[in-house]
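I have placed the structure first, in the form of structure tokens, so that the comments after it can refer back to it.
Remember, predicted model here, so these are calculated numbers, not experimental data.
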Amino acid sequence: MSLELEPATEQSHSIGYRPGQFLTLRIPSELTGSVSRCYSLSSAPHEGGPLKITVKRTPGGYGSNWLCDNAMAGTTVDALPPAGVFTPTSLDDDLLLVAAGSGITPVLSILKSVLAAGSGHCTLIYANRDERSVIFAAELADLSARHPDRLLVVHWLETLQGLPTSARLAAPAGPWSDREAFVCGPGPFMDAVCAALTGLGADRKRVHVEKFVSLNGNPFEADTSQMSDAADSAAVEVELDGETRVLPWPRHQVLLDVLLVNGLPAPYSCREGACSACTCRVVAGQVRMRHNEVLDDADLTEGYVLACQAVPVTDTVQVTYS
């Protein structure tokens, strides 16, 4: 089911997002007070309407079942600002989009944005168990009919074609392997896609994956009011939203907490080093990350770090979010 979310009146002009980003929602829980779950936006910024998330009910999944059973017109939910780096830098580039199941959600946002607000061509390879499992089937058919020269949709049905292994995916992906690629779906599926594209000679830096993660903690309940003793601090120069600030950075405090307690609107979501929403780039100095599940060796070589896990190593550090 899809839920349309209207920002609160005082925030109606301040919430912007990029295609492919997600929302982190606070969902009530009788056991813990609340839990946090991340859902990709299936709406696109150019549409100008409400933010829309699409939720697939998961057996045993607390968040998806609560939303499907309880969300209705007028329900109020808390959400962190849209976040995530699974988004193209240009809507004028030709893209290869590969999705499986509910992984179509952020991919659809990217697809609609390219077709409506850019000039790029898109090929979508979309895997599902069978024809009845295809999410957004009617919308994809309509987009294909309206943009026959810019959109090619290739459906992969497991009941007809078998499991989408790396060897099997090489054929449909081959003609488009030189394009920047965005891949979303279950872990084994994304691994198979990445292996197929790498085998076809694709540049790994141009293959972007969006991982679904279950949060262990609750970012809504994180306490940033108390900082470590500032006597043992490094200095961090931060460029964020076109402004530059220099702040003391206590050596045992992660960068994200330093920024938030000083009033900087740094992006974040999971706080666990698992979602990449807080990614920034170190351009001078060195940091150490306590945990990292999403940045690969190429990202680290280019200086990208997770603000929710980064602590300083050198006495001065320079960081940018641009």
Quiz prompt | side chain to side chain donor-acceptor pair (under 3.5 Å) between Tyr39 and Ser64, intermediate numbers included | solution = CA-CA 9 Å; Tyr39 296 100; Ser64 64; 5.2 Å; no

Practice problem: Inspect the contact between Asp94 and Arg150 and indicate whether a charged nitrogen and a carboxylate oxygen are less than 4.0 angstrom apart. | Solution: no

Exercise. Step through the shown structure and confirm whether more than 12 heavy atoms of other residues, nucleotides or ligands are within 6.0 Å of NZ on Lys52.
Key: no

Quiz item: At what distance, to the nearest 0.5 angstrom, does CE of Met1 lie from SG of Cys68?
Solution: 5.5 Å

Practice problem: With the side chain counted from C-beta on, respond yes when Leu197 and Leu96 share a heavy-atom pair under 4.5 Å apart, and no when they do not. | Solution: yes

Quiz item: Under 3.5 Å, is there a donor-acceptor pair linking the side chains of Ser42 and Ser109?
Solution: no

Quiz item: Which pairs pass ring pair (Phe, Tyr, Trp, His ring centres under 6.0 Å) with one or both residues in residues 275-317, sequence neighbours excluded?
Solution: none

Quiz prompt | Thr198 versus Arg204, side-chain donor and acceptor atoms under 3.5 Å | solution = no

Quiz item: Could you give the distance from CG (Leu95) to OG1 (Thr123), rounded to the nearest 0.5 Å?
Solution: 9.5 Å

Practice problem: Run the numbers on Thr54 and Ser2 for side chain to side chain donor-acceptor pair (under 3.5 Å), then give the verdict. | Solution: CA-CA 4 Å; Thr54 301; Ser2 291; 2.9 Å; yes

Quiz item: Hey, are Glu139 and Lys112 close enough for a salt bridge, meaning a charged N less than 4.0 Å from a carboxylate O?
Solution: yes

In a table with atom names and distances, give each donor-acceptor pair under 3.5 Å that connects a side chain of residues 83-93 to protein atoms at least two apart or in another chain.
| unit_1 | atom_1 | unit_2 | atom_2 | d |
| --- | --- | --- | --- | --- |
| Thr87 | OG1 | Pro19 | O | 2.7 |
| Ser90 | OG | Asp92 | N | 3.1 |
| Asp92 | OD1 | Ser119 | N | 2.9 |
| Asp92 | OD1 | Ser119 | OG | 3.0 |

Exercise. Please report the shortest heavy-atom distance between Pro164 and Leu169, naming the atom on each side.
Key: O-CD1, 3.4 Å

Quiz item: Thr24 and Ser269: side chain to side chain donor-acceptor pair (under 3.5 Å), yes or no, with the steps?
Solution: CA-CA 6 Å; Thr24 303; Ser269 179; 2.3 Å; yes

Exercise. Could you tell me whether Glu302 and Arg281 make a salt bridge, using a distance below 4.0 angstrom between a side-chain N and a carboxylate O?
Key: no

Exercise. Tell me, yes or no, whether the heavy-atom count around Glu131 atom CD, taken from other residues, nucleotides or ligands under 6.0 Å, exceeds 12.
Key: no

Quiz prompt | Joint hydrophobic cluster, Val107 plus Tyr17, side-chain heavy atoms closer than 4.5 Å | solution = no

Self-check item: Interatomic distance, Glu237 atom CD to Gln318 atom CD [nearest 0.5 angstrom]
Solution: 4.5 Å

Quiz item: Do Ile53 and Leu23 touch side chain to side chain, with heavy atoms closer than 4.5 Å?
Solution: yes

Quiz prompt | Close side-chain approach of Val254 and Val311, heavy atoms under 4.5 Å | solution = yes

Quiz item: Would you say Asp69 has more than 12 foreign heavy atoms packed within less than 6.0 Å of its CG?
Solution: yes

Exercise. Have a look at Leu240 and tell me which of Pro265, Cys280, Ser322 forms a side chain to side chain contact (heavy atoms under 4.5 Å, CB included) with it.
Key: Pro265

Quiz item: How long is the span from the CG atom in Leu300 to the CG atom in Asp297, to the nearest 0.5 Å?
Solution: 6.0 Å

Quiz item: With a cut-off of under 6.0 Å to the ring centre and 45° to the axis, is Arg271 in cation-pi contact with Tyr268?
Solution: yes

Quiz item: Are side-chain heavy atoms of Leu151 and Val153 found at a separation under 4.5 Å?
Solution: yes

